[in-house]
Q: 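Structure in structure tokens, see below.
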Amino acid sequence: MKAVIVYHSSHHGNTRKLVEAIARGRDVTLVDTSAVKSADLSGYELIGFASGIYFGKFHEDVLEFAKNNLPEDRKVFFLSTYGGRSNTKAIEEVVKGRSAQVVGQFGCKGYDTFGPFKLVGGICKGRPDENDLNSACHFFDGLS
Ligand SMILES: Cc1cc2nc3c(=O)[nH]c(=O)nc-3n(C[C@H](O)[C@H](O)[C@H](O)COP(=O)(O)O)c2cc1C
């Protein structure tokens, strides 16, 4: 199954670590929404959206990208990293409008120094770790 992952990762590159681990040795195209705002995804059967959680949702760039570029009737999955907990509600809302089939989601902790956490040196230091990356790859292999 031809796969693409559309992602945003600006805080500590936590989400980038996940998507790069998955793309390593697999036929997966990565699209970084901080550089690319639009792309033709019609050639992909499996489309992933990946993001850190910022103020309780996927980054606005990923939501916008999905709104503008997700073709109808695709298999879709979500990847996230977060300091507290994941939240896929906003991205789910977007893909729902495209008759997408959500085939799975994976999330794990990511190093977080936002706001007051900076004062204590951050939380979830060292995450995602090797274990997280292996779990993300295992998750992806189960999809395709
Ligand atoms: C501006 C900002 C807002 C954040 N809001 C949340 C949040 O609402 N919930 C949460 O669990 N983590 C939150 N975090 C922590 C990030 O989700 C976490 O560090 C994530 O791994 C960042 O991914 P990235 O390095 O790929 O950007 C926030 C971080 C930043 C910088």
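Atoms within each ligand, like the ligands themselves, are counted from 1 in listed order. What you see is a predicted model, and the numbers here were worked out from it, not measured in a lab.
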Q: Using 30° and 60° as the class boundaries, would you call the ring planes of H8 and Y54 parallel, tilted or perpendicular?
A: perpendicular
Q: Would you call R127 and D132 a salt bridge, using N to O less than 4.0 angstrom?
A: yes
Q: Does S51 form a side-chain hydrogen bond (donor to acceptor under 3.5 Å, both in side chains) with T15? I'd like the steps, not just the answer.
A: CA-CA 6 Å; S51 178; T15 310; 5.8 Å; no
Q: How close does the nearest protein non-hydrogen atom get to atom 8 (O) of ligand 1, and which residue and atom is it?
A: G56 N, 2.8 Å
Q: Should C137 and R26 count as side-chain neighbours, where that means a heavy-atom distance under 4.5 Å?
A: yes
Q: Under 4.0 Å, heavy-atom basis, I'd like to know which part of F114 is in contact with ligand 1: side chain, backbone, both or neither.
A: side chain
Q: Report the nearest protein non-hydrogen atom to atom 5 (N) of ligand 1: residue, atom name, distance rounded to 0.1 Å.
A: F55 N, 3.0 Å
Q: Are E93 and K96 close enough for a salt bridge, meaning some N to O gap below 4.0 Å?
A: yes
Q: What atoms of ligand 1 come closer than 4.0 angstrom to any heavy atom of G13?
A: 25 (O)
Q: Could you list which atoms of ligand 1 come closer than 4.0 Å to a heavy atom of H11?
A: 19 (O), 22 (C), 24 (P), 25 (O), 27 (O), 31 (C)
Q: Determine whether F77 and I5 make a side-chain contact, defined as any pair of heavy atoms from C-beta on separated by less than 4.5 Å.
A: yes
Q: Return the residue, atom name and 0.1 Å-rounded distance of the protein heavy atom closest to atom 25 (O) of ligand 1.
A: H12 N, 2.7 Å
Q: Quick one: which of G115, G52, G83 has a heavy atom closest to atom 18 (C) of ligand 1?
A: G83
Q: Which residue and atom name correspond to the protein heavy atom nearest atom 27 (O) of ligand 1, and how close is it?
A: Y54 OH, 2.5 Å
Q: Is the distance between the ring centroids of F55 and F114 under 6.0 Å?
A: yes
Q: Taking the inter-plane angle between the rings of F78 and F58 on a 0 to 90° scale, is it parallel (under 30°), tilted (30 to 60°) or perpendicular (over 60°)?
A: perpendicular
Q: Among all protein non-hydrogen atoms, which one is nearest to atom 19 (O) of ligand 1, and what is the separation to 0.1 Å?
A: Y111 O, 2.8 Å
Q: Using heavy-atom distances, let me know which of T81, N87, I53 sits nearest atom 14 (N) of ligand 1.
A: I53
Q: Can you tell me the protein heavy atom closest to atom 10 (C) of ligand 1 and the distance?
A: G84 N, 3.6 Å
Q: Taking heavy atoms and a distance under 4.0 Å, where does R85 meet ligand 1: side chain, backbone, both or neither?
A: backbone
